[in-house]
Amino acid sequence: MSEAGRARGRDASRWRPDGDVVERARDLLGRELRAHGVTVVLTEVEAYGGVEDPASHAYTRTPRSEIMYGPPARLYVYRSYGIHHCANIVTGPTEIAAAVLLRSGRVVDGLALARERRGDVPDVRLARGPGNLAQALGITLADLGTAVLAPDAPVRLGERVESPEIAVGPRVGVSRAADVPWRLWAAGDPTVSAYRRSPRAPA
DNA sequence: AACATGATTCGCT
DNA sequence: GCGAATCATGTTG
């Protein structure tokens, strides 16, 4: 991304939680997310269409997915492969139970703390991939349900500071709806994770 | 109560 | 690029 593109992108408008989930996902890219002493600029997200999307955890209503059936702009955190945490922001309207998975970001503040949490990896990898992003930000199940637009929230979504060129493609690792292009990322950005198709997805 | 499955990551080839 | 690790969650019996 060009320096001019980044500078041009600043925009103090507040993220809107209601509407088409892919548009809500698009509006997340380039925004700041601050959690537990670390701030990232979001560079990669995925939209999940709730009750209308077989790949969404909310496709079936269970205790784990319950938070997505509530008010939007709250955090849905789940454990992946028993060890990692992944963070989503719920979108509205509530009956859809849609959410946006936060996959990657560039650390722009709290670098020392992020390095401490992530260990010895190159800075571009500090928050690359959903598990790594959550770890860098210190997000755990304790953050489940946090209202991210509240000014004093421990996990807080901020304003847009960049407007990168946005690329679109299929979501990583999903076995169902594997070709739906609901992954969005900052084109050419080194903090974005690699695409990987689910081995269980049909060819 | 037992079984199957990952919205992943890291290390090795 | 490929495969194993590893366990919470959901599903089936």
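A note on names: the letters A, B, ... follow the listed sequences, proteins ahead of strands, and every chain is numbered from 1. Treat the numbers as computed from the prediction; the structure is a model and nothing was measured.
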With Glu162(A), which of Arg31(A), Arg106(A), Arg10(A) fulfils side-chain hydrogen bond (donor to acceptor under 3.5 Å, both in side chains)?
Arg106(A)

Before accepting this row, confirm whether a basic side-chain N of the pair Asp53(A)/Arg171(A) lies closer than 4.0 Å to the acidic partner's carboxylate O.
yes

Between which nucleotides of DNA chain C, 5' to 3', does chain A make heavy-atom contacts below 4.0 Å?
dC2(C) to dT11(C)

When rounded to the nearest 0.5 angstrom, what distance separates OH in Tyr78(A) from CE in Met68(A)?
9.0 Å

Would you mind checking if Asp143(A) and Arg74(A) are paired as a salt bridge, meaning a charged N to carboxylate O distance below 4.0 Å?
no

Dot-bracket assigned to DNA chain B with the 3.5 Å Watson-Crick/G-U criterion, [ ] for crossing and | for other-strand pairs, is ||||||.|||||.

Please check if any side-chain donor atom of Arg200(A) sits under 3.5 Å from a side-chain acceptor atom of Ser175(A), or the reverse.
no

Scan nucleotides 4-13 of chain B nucleotide by nucleotide, 5' to 3', and note B when protein non-hydrogen atoms come under 4.0 Å of the base, S if they reach only the sugar-phosphate, - if neither.
--BBBBB---

What I want to check is whether the side chains of Asn132(A) and Arg125(A) have a donor and an acceptor closer together than 3.5 Å.
no

Do Leu42(A) and Leu111(A) sit in the same hydrophobic cluster, where Ile, Leu, Val, Met, Phe, Trp and Tyr count as joined when their side-chain heavy atoms come under 4.5 Å apart?
yes

Leu101(A) CG to Asn88(A) CG distance, which is reported to the nearest 0.5 Å
5.0 Å

Is Arg183(A) close enough and on-axis enough to Tyr195(A), meaning under 6.0 Å and within 45°, for cation-pi?
no

Carboxylate-amine/guanidinium proximity below 4.0 Å for Arg24(A) and Asp18(A)
no

